[in-house]
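Written below as C-alpha cells is the structure these notes are about.
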Amino acid sequence: MKAGTRLIIFKEDYMTDITNALVNKSVEESIQYLVEQYPGAVAFSTSFGQEDQVIADIIWRNQLPVRVFTLDTGRLFQETYDVMDLTMARYKHPVEVFFPDTAAVEQLVKEKGPNSFYESVENRKQCCGIRKVVPLNRALEGVKVWITGLRAEQSENRHNMETLEWDEQRHLYKYNPLIHWGYDEVLNYLNTHKVPYNKLHDKGFISIGCAPCTRAIGPGEHPRAGRWWWEESHKECGLHG
C-alpha cells in the first residue's frame, strides 16, 4: 500500500486487507498500524466525553503520532472546558480547536434568534451543520483515517457500525476502536488509568453535547435520551450520519 496515494482508490482494494490486519490487535496496536500505513494523515476527533478520553489516553500514553482535534461550537458546558484544560495540562500535548464560521453563526442568529433549534428538527440540524459539521469537514481535510469514540450501545443508528468503515462523503476511513466496548469497560479504563473526565458524567449526563441541547437522563433512560430531548428524531447531528 502506498502511503500518500489518494485514499479513495483504496476503498474496494484495501478495505478487507486493513480490516483483517486489525483483527486481534489492541487499540494501541491498531492505531500504530494505521499511522504506519498513513503517516501524518491519521486524526482523532474528541469531544472530551468518556469514550474520547479513553482513546486520547491510549494515543498520548503510547506517544502515537496522531493529530487530535476538537470542535468548539460556542455553546459548550463550562465543565467541558474544564476537562479540556485538565487533559491538556496532564498530557502536555496540543489539541487543535476548530470553531464555526463567524459570519455563518451571525447570520443564523440574526435570522432565527439564538435558540431556533428548539423550534424544529430542521432548525436544529441547521445549527448543528454550521457549528459542528462544517468545522469537522474543515478539520478532516487531508485526513485518510479518522478515529472516533463511537460505541454501538450509544444509539440505534450505531448498532450496525463496524470497527473500520468507509466514509463515502469524506472519502476516508473511519476507525471506531471502541465500537464493541461496553459502558462498564469504558468506566473501568478511566478508573484504572486515572484519566480525567467531565464531572457532568457523575450527574447523569452520559452523552454530552452543547449546553442548551443536553440534559441529564433518568434511571433506565437511553444514553442518547438527554440529547435534543424535545424532538423525535434519530438523535444525530450529522457528524456520523
Side-chain angles (χ1 to χ4, degrees), residues 22 24-32 34-35 42-73 76-97 145-155 157-159 161 163-164 174-211 213-227 235 237 239-240:
L22 299 183
N24 297 325
K25 281 183 168 61
S26 65
V27 175
E28 173 195 346
E29 292 168 338
S30 296
I31 296 176
Q32 181 63 52
L34 291 169
V35 297
V42 179
F44 167 52
S45 59
T46 177
S47 64
F48 297 94
Q50 289 165 308
E51 292 82 6
D52 292 337
Q53 289 297 89
V54 169
I55 296 172
D57 183 79
I58 291 172
I59 289 172
W60 289 327
R61 180 184 296 273
N62 296 286
Q63 299 296 311
L64 298 171
V66 174
R67 270 185 60 221
V68 178
F69 70 86
T70 191
L71 308 178
D72 187 338
T73 65
L76 302 180
F77 287 96
Q78 179 58 44
E79 288 85 349
T80 299
Y81 294 113
D82 291 342
V83 74
M84 184 189 305
D85 202 36
L86 286 171
T87 301
M88 295 173 73
R90 170 171 175 172
Y91 296 100
K92 304 291 191 284
H93 280 276
V95 176
E96 297 177 50
V97 183
V145 181
W146 170 25
I147 302 174
T148 84
L150 298 179
R151 288 192 306 110
E153 290 181 347
Q154 291 171 326
S155 73
N157 299 334
R158 300 172 184 180
H159 285 175
M161 287 185 173
T163 303
L164 186 75
K174 190 174 177 182
Y175 174 51
N176 310 309
L178 307 188
I179 196 70
H180 299 303
W181 281 40
Y183 188 50
D184 287 344
E185 291 178 87
V186 173
L187 296 182
N188 182 64
Y189 185 98
L190 295 174
N191 182 61
T192 299
H193 296 282
K194 305 285 191 292
V195 179
Y197 67 92
N198 194 321
K199 297 308 179 185
L200 287 174
H201 291 306
D202 294 335
K203 300 177 180 179
F205 291 80
I206 303 303
S207 177
I208 301 172
C210 293
C213 298
T214 309
R215 67 162 173 80
I217 62 172
E221 280 195 290
H222 191 279
R224 296 286 280 185
R227 300 292 292 278
K235 300 298 178 76
C237 60
L239 298 184
H240 303 289

**Request:** Would you check, one step at a time, whether the test side-chain contact (heavy atoms from CB on, under 4.5 Å) holds for L64 with Q32?
**Result:** CA-CA 7 Å; L64 298 171; Q32 181 63 52; 3.0 Å; yes
**Request:** Find the distance between OH (Y183) and CD (E51) and round it off to the nearest 0.5 Å.
**Result:** 7.5 Å
**Non-neighbouring partners of T70 that pass side chain to side chain contact (heavy atoms under 4.5 Å, CB included), sequence neighbours left out** = T46, F48, M84, V95, V97
**Request:** Could you tell me whether the side chain of N62 and the main chain of I58 form a donor-acceptor pair under 3.5 Å?
**Result:** yes
**Request:** Using salt bridge (Lys or Arg N to Asp or Glu O under 4.0 Å) as the criterion, list what pairs up with R215, not counting sequence neighbours.
**Result:** E221
**Message:** For F205, give me all partners under ring pair (Phe, Tyr, Trp, His ring centres under 6.0 Å), at least two apart in sequence or on another chain.
**Reply:** F77
**Asked** Taking side chain as C-beta onward, heavy atoms only, is Y175 less than 4.5 Å from T163?
**Response** yes
**Message:** Minimum heavy-atom separation for P177 and T148, please, with both atom names.
**Reply:** CD-O, 3.3 Å
**Complete:** The reported gap from CG in L71 to CD in E96 (rounded to nearest 0.5 angstrom) is 11.0 Å
**Message:** Measuring only between side-chain heavy atoms, which start at C-beta, is Q78 closer than 4.5 Å to D82?
**Reply:** yes
**Request:** For R151 and L178, indicate whether the former's side chain and the latter's backbone hold a donor-acceptor pair under 3.5 Å.
**Result:** no
**Item:** Close side-chain approach of I59 to Y91, heavy-atom, < 4.5 Å
**Value:** no
**Request:** Check salt bridge (Lys or Arg N to Asp or Glu O under 4.0 Å) between E28 and all other residues, then give those that pass, not counting sequence neighbours.
**Result:** none
**Message:** Does any part of the side chain of W60, heavy atoms only, come nearer than 4.5 Å to the side chain of T87, both counted from C-beta?
**Reply:** yes
**Request:** Go through the steps to decide whether K194 and R90 satisfy the test side-chain contact (heavy atoms from CB on, under 4.5 Å), and finish with yes or no.
**Result:** CA-CA 11 Å; K194 305 285 191 292; R90 170 171 175 172; 4.3 Å; yes
**Asked** Side chain of T214, backbone of G209: donor and acceptor closer than 3.5 Å?
**Response** yes
**Asked** With distance as the sole test, does H222 use its side chain to make a donor-acceptor pair with the main-chain N or O of R224 at under 3.5 Å?
**Response** yes
**Evaluation steps, side-chain contact (heavy atoms from CB on, under 4.5 Å), between I147 and V42** = CA-CA 7 Å; I147 302 174; V42 179; 3.6 Å; yes
**Prompt:** Passes side-chain contact (heavy atoms from CB on, under 4.5 Å), Q63 versus H93? Steps please.
**Reply:** CA-CA 10 Å; Q63 299 296 311; H93 280 276; 3.6 Å; yes
**Prompt:** Looking at residues at least two apart in the chain, or sitting in another chain, which of them share a side chain to side chain contact (heavy atoms under 4.5 Å, CB included) with N198?
**Reply:** E79, T80, V83, L200, H201, I208
**Prompt:** What pairs with D202 under side-chain hydrogen bond (donor to acceptor under 3.5 Å, both in side chains), at least two apart in sequence or on another chain?
**Reply:** Y197
**Message:** On a heavy-atom basis, which atom in L86 and which in P196 lie closest, and how many Å separate them?
**Reply:** CB-CB, 4.3 Å
**Asked** Under 3.5 Å, is there a donor-acceptor pair between the side chain of N176 and the main chain of L150?
**Response** no
**Request:** Using only heavy-atom distances, determine whether the side chains of D57 and Q53 contain a donor-acceptor pair under 3.5 Å.
**Result:** no
**Request:** Nearest 0.5 Å please: distance from the SG atom of C210 over to the CZ atom of R227.
**Result:** 7.5 Å
